[in-house]
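Reading through the structure tokens given below for one structure.
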Amino acid sequence: QGQLAESGGGSVQTGGSLRLYCTTSGYYYRRLCMGWFRQLPGKERELIATIDTAGGSDYVIESVSDRFTISQDRAKETTSLQMNSLKPEDTAMYYCAAVLYRCYSPKLSAVTYTEWGSGTQVTVSS
């Protein structure tokens, strides 16, 4: 059916910035709820940010809301996660995810998402 694909990951020094992209294909984009997750080494996958493809308010978890921003290009049916002031503890695999209906909550858990990209690695060194 549809596919999600992340890009933009890589290695960066502490304090650097990266912008991650999630490209969608094969979906009715405006029927999706889109999220970004990350999985730190040895830890559970955690929600980072959510955006309503139909134009609702976005959401970024409080712990990174001062440094990360989620946005979308609705014409290109693509979301992005801007990450500034990166720290070594941000090192993780970052995933784009979606559910096949509109967001009913900004804090949907990982188990709720049915569509996943394969992930993009972000490594932050000192």
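Remember, predicted model here, so these are calculated numbers, not experimental data.
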Under a single-linkage definition using a 4.5 Å side-chain heavy-atom cutoff for Ile, Leu, Val, Met, Phe, Trp and Tyr, are [X] and [Y] assigned to the same hydrophobic cluster?
X      : Y      : answer
Val111 : Leu4   : no
Tyr21  : Val64  : no
Tyr59  : Leu108 : yes
Leu40  : Ile48  : no
Leu100 : Leu47  : yes

Looking at [X] and [Y], would you say the former's side chain and the latter's main chain have a donor-acceptor pair under 3.5 Å?
X      : Y      : answer
Thr123 : Thr91  : no
Gln72  : Asp52  : yes
Glu6   : Ser118 : yes
Thr23  : Thr78  : no
Thr14  : Ser125 : yes
Thr24  : Glu77  : yes
Thr120 : Gly9   : yes

Between [atom1] of [X] and [atom2] of [Y], what distance do you get to the nearest 0.5 Å?
X     : Y     : atom1 : atom2 : answer
Gln13 : Leu86 : CD    : CG    : 11.0 Å
Thr50 : Met34 : OG1   : CE    : 10.0 Å
Leu18 : Gln82 : CG    : CD    : 8.5 Å
Ile51 : Cys22 : CD1   : SG    : 11.0 Å

Practice task
Indicate, with yes or no, if the rings of Trp116 and Phe37 have centres closer together than 6.0 Å.
Solution key: yes
Handout entry: Heavy-atom side-chain contact between Arg31 and Tyr101 under 4.5 Å
Key = no
Exercise for the section: Answer whether the closest heavy-atom distance between the side chains of Leu20 and Val122 falls below 4.5 Å. Expected result: yes
Exercise for the section: Before giving the answer on side-chain hydrogen bond (donor to acceptor under 3.5 Å, both in side chains), spell out for Ser17 and Asn84 the whole-Å C-alpha distance, their side-chain angles and the decisive distance to 0.1 Å. Expected result: CA-CA 4 Å; Ser17 298; Asn84 298 323; 3.0 Å; yes
Practice task
Answer yes if the side chains of Ser71 and Ser80 hold a donor-acceptor pair under 3.5 Å, and no otherwise.
Solution key: yes
Handout entry: Exercise: do Glu115 and Tyr27 side chains pair donor with acceptor under 3.5 Å
Key = yes
Exercise for the section: Step through the shown structure and confirm whether more than 12 heavy atoms of other residues, nucleotides or ligands are within 6.0 Å of CD on Glu44. Expected result: no
Practice task
Verify side-chain hydrogen bond (donor to acceptor under 3.5 Å, both in side chains) between Tyr94 and Gln121, making sure each step is shown before the conclusion.
Solution key: CA-CA 6 Å; Tyr94 285 74; Gln121 179 68 38; over 6 Å; no
Fill in the blank from the handout: Heavy-atom nearest pair, Arg67 first then Ser85, reads NH1-O, 3.1 Å
Completion exercise
Ser65 and Val60 have their tightest heavy-atom pair at CA-CG1, 3.7 Å
Exercise for the section: For side chain to side chain contact (heavy atoms under 4.5 Å, CB included), just list the numbers for Ile61 and Lys107, CA-CA rounded to whole Å, side-chain angles, deciding distance to a tenth of an Å, and then say yes or no. Expected result: CA-CA 9 Å; Ile61 60 169; Lys107 300 180 180 180; over 6 Å; no
Problem - Charged tip of Arg74 within 45° of Tyr29 ring normal and under 6.0 Å - result: no
Exercise for the section: Begin with the C-alpha distance, continue with both residues' side-chain angles, and end with the deciding distance and a verdict on side chain to side chain contact (heavy atoms under 4.5 Å, CB included) for Glu46 and Arg38. Expected result: CA-CA 6 Å; Glu46 64 175 341; Arg38 70 182 181 185; 2.9 Å; yes
